[in-house]
Peer 1: 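Submitted below is the structure of interest, expressed as C-alpha cells.
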Amino acid sequence: MYRTHTCGELRASHINTEVTLSGWVQKNRNKGFMVWIDLRDRYGITQLIFDEERTSKEIIEKAKTLGREFVIQVTGKVIERQAKNPKIPTGDIEILVSDLTILNKSKLPPFTIEDETDGGEDIRMKYRYLDIRRNPVKENLLFRHKVAMEIRNYLSKKEFIEVETPYLIKSTPEGARDFVVPSRMNEGQFYALPQSPQTFKQLLMVGGMDKYFQIVKCFRDEDLRADRQPEFTQIDCEMAFVEQEDILNIFEGMTRHLLKELKGVDVDKFPRITYDDAMRLYGNDKPDIRFGMQFGELNEVTQHKDFKVFNDAELVVGIAVPNGNKFTRKEIDKLIDWVKRPQVGALGMVYCRCNDDGTFKSSVDKFYDQEDLAKWAEVTGAKAGDLICVLSGDINKVRAQLSALRMELAERLGLRKPDEFAPLWVVDFPLLEWDEETERYHAMHHPFTAPKPEQIKLLETEPEKVKANAYDLVLNGNEIGGGSIRIHDKEIQAKMFNHLGFTPEEAKNQFGFLMDAFQYGAPPHGGIAFGFDRLVSILAGKETIRDFIAFPKNNSGRDIMIDAPANIDENQLTELNLKVEIKE
Ligand code: ASP
C-alpha cells in the first residue's frame, strides 16, 4: 500500500498513529543533525521530521539526498509539532519518519512549484504537468470539476439526459471555419469537427429526447484573439415543446443555482434587455451592468450650434463618469490619447467637467453655453463632481468606441468587482446581419434560429428589421450563453436558407438530413449553449480561460508542450491521399 492517508489529512487527533504517506518533496531543510521535509500531494502538505536521536543514520542520510520534486514514500508516527504552523490544516503535527523509500527521482524543475512561481507563461505551458502541481492551477481544475458536477446534478434532477454526439461530422454553420479531418477510407473526402453539436441536438429532439444536455468539446478555426481557444467546452442544451420563456426560466435557474452553490451569492430574477436597448444604452450586446454609466444620446442637445464635428455626426453620445471631475487635465489628455489608439479608433473626445458648484466647464465652451451643458448633464445623468465624455461619428463605430471607453474607465475606477455578479438576459436579437464583405445577409445566431412568428412577413420586404427568438445570457460583461427557438417547419427552414443565399441544391447538400428529419414530425424546440471555460473562470472571479483548462493552446493555437500542430509522416500523407507542398 502506497499510503494510508493523504498529505492534507492528518490532524492533532491522529497523534501517535503509525501512517504511510506518498508524495513529492516540496522543500528539504537540512540542519545536519535534523532534516525537515515538506511532503506535498494534491491534498496538501505534511511536514516530515528526521533527527539523529530518533531516526536511523541510514534513513537520515538518505533524507539529505532528496531533491525538490523527488517522489517518496515514508512511514512513521504522527507527533505533535513543536512550532505549530497555523497557516496549513496539518500544521499541528509532523511525521517522525522511520522508513523512507525513494519512488522516483526528479530533475530540478525549470521553475519553482510555489503559489508565486518564478516561471513565465511560456515555460509553465511547456511543462504544464509541473504547473498543475502548483496550488493556483490545481485549484482551478478542482473548481472546474465542481462546476461541472453541479451542472450535471442540476440538469439531471430536471430530467435532462447527457447524450454524446459525434466529433467526426460535417460542417456546422456557427460562423467560423471548420477544422477538417481527412478520411483514409473515403479518398478525397473529409470530416469536419463540430463547431457545436447544433444539428445533432435538434435531431435528438426529433428523436423524442425532449431534454438533452452535454458538456462537450467544440472546435472553431478562427483567427485567434487573446484568450480564445480553438477547442473549447460548451454546456450544450436543447428542449422540445418549449417556448423562449421556458428556456430562459430553466437556465436562469441553473445559473442561479451555480451562483448560490459555488459562490454563496443569491441573485434575484435576472433583468432582461432587448438587443436594441443594449446597443443604445451600452453600445454593446453584452453589457456589464455592475455599474451605471449608461449612454446618453446627445444629438438633440448638441446639433443646434456651429460645432461642425457634432453637426456632421450620425450619433453624438456621452457617458457620465462618476467623480470624474477629479481627473487632472493631464489624465484627461491621456484618456483622449487612449480613445485615439487604433484599437479603439476615435478621432477625438469632447469632455465636460461638472463642477461642485453646479457650473460646467467643457472642452467646447466656444460653442456651448452653461444652459446647453446642463442639458448634456441631464441626458447623461451626470451629477456635480462627474465628468461627461462625449464621442461622435458613425453610429456603429461610435457605440463600439464609447463602449470600450466605458469598460476601460470602469476598470480604472475599480467598478468591475470580481466578487459581484450581475447576470442579464439580452433578448430579441435581429435574425439577420448584413455582411459588407460578401454583400449578403448572414444569420446572426445560426440558420436554424426562428424568426418571431409575427415578423416572418417582413423577411421579404425589410429583412434587417426581423427579430429572432434568440437570446444571450450575459454575466459581468461576458456572453456566457446563447441560444434560440428553432425553426421546426421544413418550409420555413427552406425559406430561411434561401434568404441566406443558399441555392436549394446547396441547402440539400449541407442540411438535407435535417430537412428530411423535419418531415417526420419535428416537435417545436429550442435550446442554448454556455461557454463552459468562460463560465468557470468568471465564477472564479477571473477572466483568463486558459487558467481553467488543463492543457490549453497558446495565442497562436499551438500546444507548446506536445508541439502541435506538427508535420506528419510522408507515409501518412500518402495513405490519406494528401499531397502537401510545403512553402519555403
Ligand atoms: N449552437 C449554438 C452555439 O454554439 C447554441 C445554441 O443555439 O443552442 O452558439
Side-chain angles (χ1 to χ4, degrees), residues 1-109 111-117 129-146 149-150 261-262 264 550:
M1 184 153 72
Y2 279 111
R3 53 183 173 184
T4 56
H5 296 79
T6 69
C7 296
E9 202 177 338
L10 298 169
R11 302 284 183 273
S13 58
H14 294 94
I15 286 171
N16 286 329
T17 320
E18 189 77 7
V19 297
T20 302
L21 301 181
S22 291
W24 287 265
V25 174
Q26 172 85 22
K27 214 190 273 168
N28 185 340
R29 272 163 301 156
N30 173 4
K31 293 264 185 254
F33 61 98
M34 237 184 225
V35 176
W36 284 277
I37 286 182
D38 281 350
L39 188 67
R40 183 194 68 238
D41 68 9
R42 192 187 120 184
Y43 306 90
I45 285 183
T46 299
Q47 178 164 288
L48 313 176
I49 177 166
F50 306 74
D51 79 37
E52 271 179 351
E53 282 173 22
R54 295 177 288 178
T55 315
S56 78
K57 195 165 169 48
E58 181 209 349
I59 298 284
I60 202 167
E61 285 312 313
K62 206 193 251 176
K64 288 178 187 168
T65 67
L66 298 175
R68 269 160 50 196
E69 301 308 313
F70 275 40
V71 188
I72 62 170
Q73 180 190 35
V74 293
T75 298
K77 196 159 81 180
V78 183
I79 59 172
E80 186 175 358
R81 199 155 145 175
Q82 291 309 311
K84 305 218 169 19
N85 179 355
K87 286 196 204 125
I88 55 172
T90 60
D92 285 347
I93 56 98
E94 59 193 350
I95 312 296
L96 178 63
V97 176
S98 51
D99 201 7
L100 162 66
T101 312
I102 298 178
L103 298 173
N104 213 340
K105 292 184 176 170
S106 171
K107 276 171 76 173
L108 197 64
F111 51 86
T112 52
I113 313 290
E114 304 274 354
D115 291 5
E116 296 292 334
T117 176
Y129 43 88
L130 296 179
D131 203 23
I132 292 173
R133 288 185 195 165
R134 295 172 52 239
N135 282 323
V137 184
K138 176 192 81 188
E139 267 147 28
N140 287 351
L141 295 181
L142 294 177
F143 184 68
R144 183 183 173 108
H145 165 75
K146 247 169 119 180
M149 287 304 288
E150 286 299 336
E261 290 304 311
L262 298 159

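The chain is numbered in sequence order, starting from 1. Just so you know, these numbers come straight off a predicted model, no measurement behind them.
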Peer 1: A side-chain contact here means heavy atoms from C-beta on lying under 4.5 Å apart; do S106 and R68 qualify?
Peer 2: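 Answer no - side chains too far apart.
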Peer 1: So, for D131 and F111, which heavy atoms are closest and what is the spacing to 0.1 Å?
Peer 2: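 It is N-CZ, 3.7 Å.
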Peer 1: Taking atom types as modelled, is there a side-chain donor on S98 or T75 under 3.5 Å from an acceptor on the other?
Peer 2: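 Side-chain D/A pair, S98 to T75: absent.
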Peer 1: One thing to verify: whether R134 and E116 come together as a salt bridge, which I'm taking to mean a side-chain N less than 4.0 angstrom from a carboxylate O.
Peer 2: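 R134 and E116: not salt-bridged.
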Peer 1: Can you check whether Q47 reaches N85 side chain to side chain, under 4.5 Å on heavy atoms?
Peer 2: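 With C-beta onward as the side chain, the pair stays apart.
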Peer 1: Using side-chain contact (heavy atoms from CB on, under 4.5 Å), reason through W24 and I113 one step at a time and then give a plain yes or no.
Peer 2: CA-CA 11 Å; W24 287 265; I113 313 290; over 6 Å; no
Peer 1: Test side-chain contact (heavy atoms from CB on, under 4.5 Å) on I49 and Q82 and set out the steps.
Peer 2: CA-CA 11 Å; I49 177 166; Q82 291 309 311; over 6 Å; no
Peer 1: So, taking the atom named CG in N28 and the one named CG in L48, what distance separates them when rounded to the nearest 0.5 Å?
Peer 2: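 The CG atom of L48 is 9.5 Å from CG of N28, to the nearest 0.5 Å.
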Peer 1: Side chains of R133 and Q26: any donor to acceptor distance under 3.5 Å?
Peer 2: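 Distance-only check fails for Q26 and R133.
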Peer 1: So, do F33 and E53 sit near enough that their side-chain heavy atoms are less than 4.5 Å apart?
Peer 2: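 No. Closest side-chain heavy atoms not under 4.5 Å.
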Peer 1: Quick check: do D41 and T46 have side-chain heavy atoms less than 4.5 Å from each other?
Peer 2: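 No. Closest side-chain heavy atoms not under 4.5 Å.
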Peer 1: Can you tell if the side chain of P136 reaches within under 4.5 Å of the side chain of D115, non-hydrogen atoms only?
Peer 2: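 P136 vs D115: side chains touch.
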Peer 1: Walk me through it: do K62 and I102 pass the test side-chain contact (heavy atoms from CB on, under 4.5 Å)?
Peer 2: CA-CA 9 Å; K62 206 193 251 176; I102 298 178; 4.3 Å; yes
Peer 1: Would you compute the distance between atom CG of L100 and atom CG of L103 and round it to the nearest 0.5 angstrom?
Peer 2: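 Interatomic distance, L100 CG to L103 CG, rounded to 0.5 Å: 9.0 Å.
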Peer 1: Ignoring hydrogens, what is the shortest heavy-atom contact between T20 and Y2? Give both atom names and the distance.
Peer 2: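 Scanning both residues completely, I find the closest heavy atoms to be CG2-O, 3.4 Å.
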Peer 1: Below 4.5 Å, heavy atoms only, C-beta onward: do R42 and T6 meet side chain to side chain?
Peer 2: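 No, their side chains stay 4.5 Å or more apart.
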Peer 1: I'd like to check the side chain to side chain donor-acceptor pair (under 3.5 Å) partners of Q73; sequence neighbours left out, ordered by chain and number.
Peer 2: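 Result, side chain to side chain donor-acceptor pair (under 3.5 Å) vs Q73: none returned.
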Peer 1: Out of curiosity, F50 CZ to L66 CG, how far, rounded to the nearest 0.5 Å?
Peer 2: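 Between atom CZ of F50 and atom CG of L66 there are 6.5 Å.
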Peer 1: How close do E94 and E80 get, heavy atom to heavy atom, and via which atoms?
Peer 2: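 Residues E94 and E80, closest heavy atoms: OE2-O, 4.1 Å.
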Peer 1: Please report the interatomic distance CG(L10) to NE2(H5), rounded to the nearest 0.5 Å.
Peer 2: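 Nearest 0.5 Å value for the CG-NE2 distance: 5.5 Å.
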Peer 1: Could you go through V78 and I95, starting from their C-alpha distance and side-chain angles, then the distance that decides it, and tell me whether this counts as side-chain contact (heavy atoms from CB on, under 4.5 Å)?
Peer 2: CA-CA 5 Å; V78 183; I95 312 296; 3.9 Å; yes
Peer 1: Which pair of heavy atoms, one from L39 and one from G23, lies closest together, and at what distance?
Peer 2: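 Where L39 meets G23 most closely, the heavy atoms are CD1-C, 3.6 Å.
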Peer 1: Where is the tightest heavy-atom contact between A550 and I132, given as atom of each residue plus distance?
Peer 2: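 Looks like O-CD1, 4.0 Å.
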Peer 1: Search all heavy atoms of R81 against all heavy atoms of T90 and return the closest pair with its distance.
Peer 2: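 Where R81 meets T90 most closely, the heavy atoms are NH1-O, 4.4 Å.
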